[in-house]
There are 2 protein chains.
Amino acid sequence: MPEDNSTSPKNLARRDQILRAARDVFIEFGFEDARVAEVGRRAGIAEGTVYLYYKTKTALMEAVLSVFWQDLTQGARDTVSRHSAPIEQLRALADYHLTSVIRDLPFLDLAAKLRKAYSVDPATRDRLRAYVAVFDEIFEAGIASGAFDDAQPLWIPRDMFYGTLEYSARTISLRKAKRPTGTVDNLISAFERTYGTTRPEPISKDLVERLERAVDRLESSS
Amino acid sequence: MPEDNSTSPKNLARRDQILRAARDVFIEFGFEDARVAEVGRRAGIAEGTVYLYYKTKTALMEAVLSVFWQDLTQGARDTVSRHSAPIEQLRALADYHLTSVIRDLPFLDLAAKLRKAYSVDPATRDRLRAYVAVFDEIFEAGIASGAFDDAQPLWIPRDMFYGTLEYSARTISLRKAKRPTGTVDNLISAFERTYGTTRPEPISKDLVERLERAVDRLESSS
DNA sequence: CAAAATTATGAGATCATCTCAGCCTATGAG
DNA sequence: CTCATAGGCTGAGATGATCTCATAATTTTG
């Protein structure tokens with residue numbers, strides 16, 4: 001049998017070949033209805049051989065998801081790097097996230113299927129962390145540069161950001177729309193109003209009093 | 001075999017008895033690892049009998065979820081009815097939703113497990129619709145009474161509302177906190193700033209500067 | 001209380017994941 | 001060229017789950 005943790009070209013090629021077939025089968029049938037025999041068939045190998053490279057059907061699915069998260073995170077970084085102002089980076093990230101999630105919703109549903117009630121496995125948690133770090137870095141840089149205030153702990157705006165987009169992705173794809181309409185702009189606008197520092201300072205009591213006195217004088221002198 | 005759609009007390013009692021057992025088993029083991037034989041054992045009947053009342057394991061799970069959604073929706077309506085101002089109703093609903101979702105996260109994960117990639121079954125969609133209608137009614141009443149503006153289609157604030165709360169529920173229970181801290185207040189505050197009509201129009205920095213210069217001049221000329 | 005109708009049973013049919021004894025094939029030493 | 005050998009591959013079968021259905025048990029009816 002092939003060595004478990006070999007990194008020889010042959011071994012890696014096989015793993016990749018199986019992974020591609022698995023990806024297709026999982027997407028087409030979902031986790032439950034996906035047959036390991038079918039994965040083998042599409043990879044052109046016997047069912048048993050699949051099990052030499054991935055111990056269980058679940059492990060195979062996890063490997064597929066790992067690649068998915070890696071690609072998603074890389075794509076997010078690429079997109080963000082094309083902008084410089086924090087608020088525009090957020091807008092770009094929001095648009096990228098929404099579009100990706102709509103496109104790959106089946107993947108997220110598969111990921112949910114692996115989640116055990118009452119716990120999240122460490123590997124999944126780490127992948128998610130690496131992904132949301134993209135948001136965190138933008139927001140923290142924004143705080144440092146004075147674009148956002150830091151009245152709230154970081155996770156609160158982060159939850160609003162990803163939560164809104166993920167939920168929207170579901171409703172958008174439910175109504176079979178392809179393009180996000182309004183969601184991203186609305187979210188960014190809510191962010192500007194809630195966390196932005198460039199929003200106009202409310203007028204100070206001091207100035208109001210001075211203005212009133214000045215107007216009084218003007219009115220009485222005319 | 002018992003009639004499929006009987007409503008006789010005996011039939012209903014059996015169905016309920018099986019449902020309670022199933023609920024416990026699904027919560028304890030998750031969908032995959034739950035054994036129909038165990039459901040039968042806990043209900044004190046044979047495995048085969050379970051299948052007389054629910055055609056498949058999936059149908060059994062769906063029945064359990066149906067009750068869950070009904071209870072959740074009723075609880076939301078009860079909570080909301082204890083307030084009158086739209087914004088306070090929203091706050092109460094947000095708090096109720098967050099608390100419930102944290103408590104019953106295993107249920108939501110089970111629900112996700114039934115979701116087929118590429119589609120949502122009509123029954124689930126209807127249940128979800130009935131639940132989010134609670135939010136919709138509050139927001140629409142708020143628009144009618146002038147408390148909220150209707151610049152955005154309803155589904156945009158709705159997605160932000162439920163999306164933020166659901167995502168927060170995940171991160172909160174991930175870090176094993178029991179009580180929501182800040183999430184609800186922050187969300188409601190973002191709502192007020194983004195959709196509220198009672199917010200005073202912020203005075204522009206430009207105008208503030210002009211006024212200050214004018215007052216300076218007036219004060220010095222006297 | 002016997003017959004009929006309804007409800008319950010659990011052994012086994014079916015079909016999935018996963019295992020493993022043996023088969024195949026590439027390589028290179030003699 | 002032959003043959004030994006080691007690593008890779010195979011697929012029949014072990015295992016264990018859902019679901020079926022002939023039969024048994026129970027309840028209702030006349």
Side-chain angles (χ1 to χ4, degrees), chain A residues 1-65 110 113-114 116-117, chain B residues 1-65 110 113-114 116-117:
Chain A
M1 96 184 61
E3 292 305 307
D4 264 19
N5 44 7
S6 163
T7 54
S8 73
K10 228 175 195 159
N11 189 295
L12 287 179
R14 256 281 131 81
R15 291 186 91 85
D16 191 59
Q17 174 191 21
I18 294 170
L19 223 50
R20 285 167 192 283
R23 207 192 74 104
D24 293 349
V25 172
F26 281 132
I27 287 289
E28 187 169 336
F29 296 98
F31 185 70
E32 302 257 297
D33 293 342
R35 301 288 161 235
V36 176
E38 177 66 17
V39 173
R41 207 185 58 73
R42 294 203 192 186
I45 57 177
E47 186 178 1
T49 307
V50 175
Y51 282 96
L52 295 180
Y53 290 87
Y54 298 94
K55 283 194 205 311
T56 65
K57 184 182 170 185
T58 303
L60 181 55
M61 180 73 218
E62 256 156 18
V64 169
L65 282 172
L110 288 174
K113 242 148 245 171
L114 290 191
K116 292 260 178 281
Chain B
M1 100 184 55
E3 293 303 309
D4 265 18
N5 44 8
S6 162
T7 53
S8 74
K10 226 173 197 164
N11 189 296
L12 286 179
R14 255 277 188 280
R15 291 184 92 86
D16 190 58
Q17 173 191 21
I18 293 170
L19 223 50
R20 285 168 192 282
R23 206 193 75 104
D24 292 349
V25 172
F26 281 132
I27 287 289
E28 188 170 335
F29 296 98
F31 184 71
E32 302 257 297
D33 293 342
R35 302 290 161 233
V36 177
E38 177 66 15
V39 173
R41 205 185 59 73
R42 294 204 193 186
I45 57 177
E47 186 177 2
T49 307
V50 176
Y51 282 97
L52 295 179
Y53 289 87
Y54 297 95
K55 283 194 207 311
T56 66
K57 183 182 172 185
T58 301
L60 181 55
M61 180 74 219
E62 257 157 17
V64 168
L65 282 172
L110 288 175
K113 243 149 242 169
L114 290 191
K116 294 255 179 286

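Computed from heavy atoms alone, side chains included, the values below leave out hydrogens, waters and symmetry copies.
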Rounded distance in Å - [atom1] ([X]) to [atom2] ([N]):
X     : N      : atom1 : atom2 : value
B:Y54 : D:dT20 : OH    : P     : 17 Å
A:I18 : D:dG8  : CD1   : P     : 12 Å
B:R14 : C:dT7  : CZ    : P     : 10 Å

Problem set entry | Shortest non-hydrogen contact between B:F26 and B:A34, atoms and distance |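 Answer, listing the atom of B:F26 first, then B:A34: CD2-CB, 3.6 Å.
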
For this session: Scan nucleotides 14-21 of chain C nucleotide by nucleotide, 5' to 3', and note B when protein non-hydrogen atoms come under 4.0 Å of the base, S if they reach only the sugar-phosphate, - if neither.
Result: --SBBB--

For this session: Find out whether B:M61 and B:F31 are in side-chain contact, i.e. whether some heavy atom of one side chain is under 4.5 Å from a heavy atom of the other.
Result: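 A side-chain contact under 4.5 Å exists here.
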
Problem set entry | Min side-chain heavy-atom separation B:E47-B:I45 under 4.5 Å | no

For this session: Apply the test salt bridge (Lys or Arg N to Asp or Glu O under 4.0 Å) to residues A:R20 and A:D24: give CA-CA distance (whole Å), side-chain angles for both, the deciding distance (0.1 Å), then the verdict.
Result: CA-CA 6 Å; A:R20 285 167 192 283; A:D24 293 349; over 6 Å; no

Exercise. Hey, is B:R42 close enough to B:E28 for a salt bridge, meaning N to O under 4.0 Å?
Worked result: yes

